[in-house]
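First up is the structure itself, then whatever we jot down about it.
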Amino acid sequence: MKWTEYVVEYFIISIYLCSYYKQVNSLDNGLLRQPPMGWLTWQRFRCVTDCDTYPDTCISEKLIRTQAQLLVQGGYLAAGYEYIIIDDCWLNMTRSVDGLLQPDNKRFPSGIRALSDYVHSLGLKFGIYEDYGTETCAGYPGILGHLSVDAETFASWKVDYLKLDGCNADIKDFDTGYPAMEDALNATGVPIAYSCSWPAYQEFDKMKPNYSAIAHSCNLWRNWADIDDSWESVYSIIQWFGDNQDRLSPFHGPGHWNDPDMLVIGNYGLSPGQSRAQMALWSIMAAPLILSVDLRTINDWARDILLNKNLIAINQDPLGAMGRRILKLDGNVEVWSKPLQDDRTAFVALFPQPYGTPIRISIKLSDLGLGRYQDYDLFELFHGDFLGKYHYTDAYNFTINPSGDVHAFYAESAEPKTKFHKKLRL
């Protein structure tokens, strides 16, 4: 190998590792050392509260119990999807006479503690939604003015995960308000994973979020727009993260994660190829893998994508590095890369254009940042197939289908000491 090529790869690896090892004092609760995996009501079930008209899809304890059972029966819990989270619209429109949060008693007749106990009895963890403001986004009571008592309420309900939104509040107060809720949660003595919407509102308001402070207080945080059930929405979020990766990645890692929002795979808006793309890129980004889909009606192909062991292994890699967009090629093809433990690298190439015909791509391994070793073994990620042995000076040729499909693969030294493909091909 030429010494200049070694220096190039060493420089690329150093950029990743410097970002990864930058000291960020994350929320000291010992939680979410890997990106969280679970299921959330919002994207698929929104704020449907009319259980007379929509008895099977309204936000209710019946829905949560049913989806919790299917997370277990469908193999999702075994794959790592351990949280089940109720988003907005679970609350009563008023607090109790003693000022406590309470659920809608018609839709949650057993109460939240009983529902939490049931979820825990299945081996799952229980999450819930609130809002830092005076009201939630849907108009239910918020926590402003009640932080300590509400934190104690969540602890008494054995909540494992709190998603805290930012509607109906002064954005300028977030820099003190979200840390105040962190303090209130920690004061309960109960470990509760803390998901913040803090920077998302500031980004939209063109404020500069203090990501160091956010990573100090929150286990994960929404950065940008709510995802919708469409490829346009998914792709726009991918582009935003690629465009802003330099200022996001230093604060991303075990215990503190950037969050591009839910997986919408299995609903109505994504093709199989686009679903593959979302799963692959969320895995490369080491993003939270939070499903929002009706598990009663999900297609087999969508289930197979969500349960893909190889992609989950990439997402859950202990290094926790946030993948980065490293190349933009002709046809708007872009290549993302993620360093993994044991000196391995995963790649995803995305072809977003609706041109109607696949595109043939040729990329030099050196352009992928590979050159530290003489030879590399390449493996396809979805199925773990061996793609061949390549010298660091070779080009790798492959085809990608259009309209948002991907080609995903990983590289490791061809020396026999690394056995990552055996770990992935379970």
Side-chain angles (χ1 to χ4, degrees), residues 35-48 56-57 59 63-64 66-67 70-71 74-76 79-89 127 129 137-138 161 163 165 195 197 200 220-242 257-308 311-312 314-315 323 336 348 350-352 354 382 401 403-406 408:
M37 298 174 61
W39 181 96
L40 179 73
T41 55
W42 183 254
Q43 175 54 47
R44 176 58 182 84
F45 297 100
R46 296 286 175 162
C47 189
V48 177
D56 295 324
T57 56
I59 303 301
L63 175 67
I64 301 305
T66 299
Q67 298 296 321
L70 292 171
L71 278 172
Y76 299 93
Y81 296 95
E82 60 179 347
Y83 288 95
I84 186 162
I85 308 159
I86 311 174
D87 208 283
D88 205 350
C89 306
Y129 166 101
C137 296
Y161 180 115
K163 174 183 175 181
D165 211 336
S195 172
S197 296
L220 66 157
W221 50 87
R222 286 284 313 287
N223 304 79
W224 192 236
D226 286 355
I227 201 165
D228 284 320
D229 188 18
S230 72
W231 174 242
E232 179 183 12
S233 174
V234 172
Y235 183 61
S236 69
I237 290 171
I238 293 167
Q239 295 310 297
W240 189 87
F241 273 81
W257 309 99
N258 294 291
D259 181 6
D261 211 0
M262 296 161 280
L263 294 169
V264 294
I265 298 163
N267 293 313
Y268 304 102
L270 300 188
S271 69
Q274 293 161 355
S275 299
R276 284 163 38 92
Q278 191 189 16
M279 186 67 182
L281 284 160
W282 263 235
S283 294
I284 283 284
M285 288 192 285
L289 299 181
I290 306 296
L291 318 179
S292 190
V293 60
D294 191 340
L295 298 175
R296 294 167 295 194
T297 58
I298 188 170
N299 292 318
D300 288 344
W301 62 260
R303 178 181 177 275
D304 289 344
I305 291 172
L306 294 171
L307 296 181
N308 187 283
L311 293 176
I312 291 173
I314 297 298
N315 176 266
W336 290 65
V348 172
L350 169 68
F351 183 29
F382 280 89
N401 292 332
S403 300
D405 208 341
V406 290

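In this structure, the separation between CG on Leu281 and CH2 on Trp336 is 6.5 Å, given to the nearest 0.5 Å. To the nearest 0.5 Å, the span separating SG on Cys89 from CZ on Arg46 amounts to 10.5 Å. We find the CD1-CD1 distance between Ile64 and Ile59 to be 6.5 Å, quoted to the nearest 0.5 Å. Atom CD1 of Ile237 is separated from atom CD1 of Ile227 by 4.0 Å, given to the nearest 0.5 angstrom. Taking OG of Ser283 as the reference point, atom CG of Leu311 lies at 4.5 Å (rounded to 0.5 Å). Atom CD in Gln67 sits 4.5 Å away from atom CG in Leu295 (nearest 0.5 Å).
Of all non-hydrogen atoms in Ala302 and Ile298, the two that sit nearest each other are CB-CG1, 3.8 Å. Summarising the geometry of Pro260 relative to Pro288, their closest heavy-atom pair is CD-CD, 4.2 Å, with the distance given to 0.1 Å. The two atoms that bring Trp301 and Ser275 nearest to each other are CZ3-OG, 3.4 Å, heavy atoms only. Contact detail for Val293 and Gly266: the closest heavy-atom pair is CG2-O, 3.5 Å. Considering every non-hydrogen atom in both Ile86 and Thr41, the closest pair reads C-OG1, 3.8 Å. For Gly74 against Arg303, the heavy-atom pair with the smallest separation is O-NH2, 2.5 Å.
Sorted by first and then second residue, the side chain to side chain donor-acceptor pair (under 3.5 Å) pairs with a member in residues 230-240 read Gln239-Arg325, Gln239-Glu334; sequence neighbours excluded.
Of the possible donor and acceptor atoms, none in the side chain of Arg276 sits under 3.5 Å from a partner among the backbone N and O of Ile305. A donor-acceptor pair under 3.5 Å is formed between the side chain of Ser271 and the backbone N or O of Gln274. Asn267 contributes a side-chain N or O that, together with a main-chain N or O of Ser292, makes up a donor-acceptor pair within less than 3.5 Å.
Counting heavy atoms from C-beta on, the side chains of Asn258 and Arg222 never come closer than 4.5 Å. Counting heavy atoms from C-beta outward, Ile290 and Trp39 have side chains that stay 4.5 Å or more apart. For the pair Asn308/Ile312, no side-chain contact is recorded, criterion being any heavy-atom separation below 4.5 Å from C-beta on. Proximity of Leu63 to Arg296: side-chain heavy atoms (C-beta onward) are separated by under 4.5 Å at one or more points. In this structure, the side chains of Thr66 and Asp56 stay at 4.5 Å or more apart for every pair of heavy atoms.
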#### Entry: Stepwise side-chain contact (heavy atoms from CB on, under 4.5 Å) test for Leu270 and Val234
CA-CA 9 Å; Leu270 300 188; Val234 172; 4.2 Å; yes
### Task
Starting from the C-alpha separation in whole Å, work towards a yes-or-no answer on side-chain contact (heavy atoms from CB on, under 4.5 Å) for Leu40 and Tyr161.
CA-CA 11 Å; Leu40 179 73; Tyr161 180 115; over 6 Å; no
### Task
For the pair Leu70 and Tyr76, evaluate side-chain contact (heavy atoms from CB on, under 4.5 Å) and give the outcome as yes or no after the intermediate values.
CA-CA 8 Å; Leu70 292 171; Tyr76 299 93; 5.8 Å; no
### Query
Is there a side-chain contact (heavy atoms from CB on, under 4.5 Å) between Trp42 and Asp261 once you walk through the steps?
CA-CA 11 Å; Trp42 183 254; Asp261 211 0; over 6 Å; no
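For the side chain to side chain contact (heavy atoms under 4.5 Å, CB included) test with Trp282, the passing option among Ile265, Leu289, Asp259 is Leu289; the others fail.
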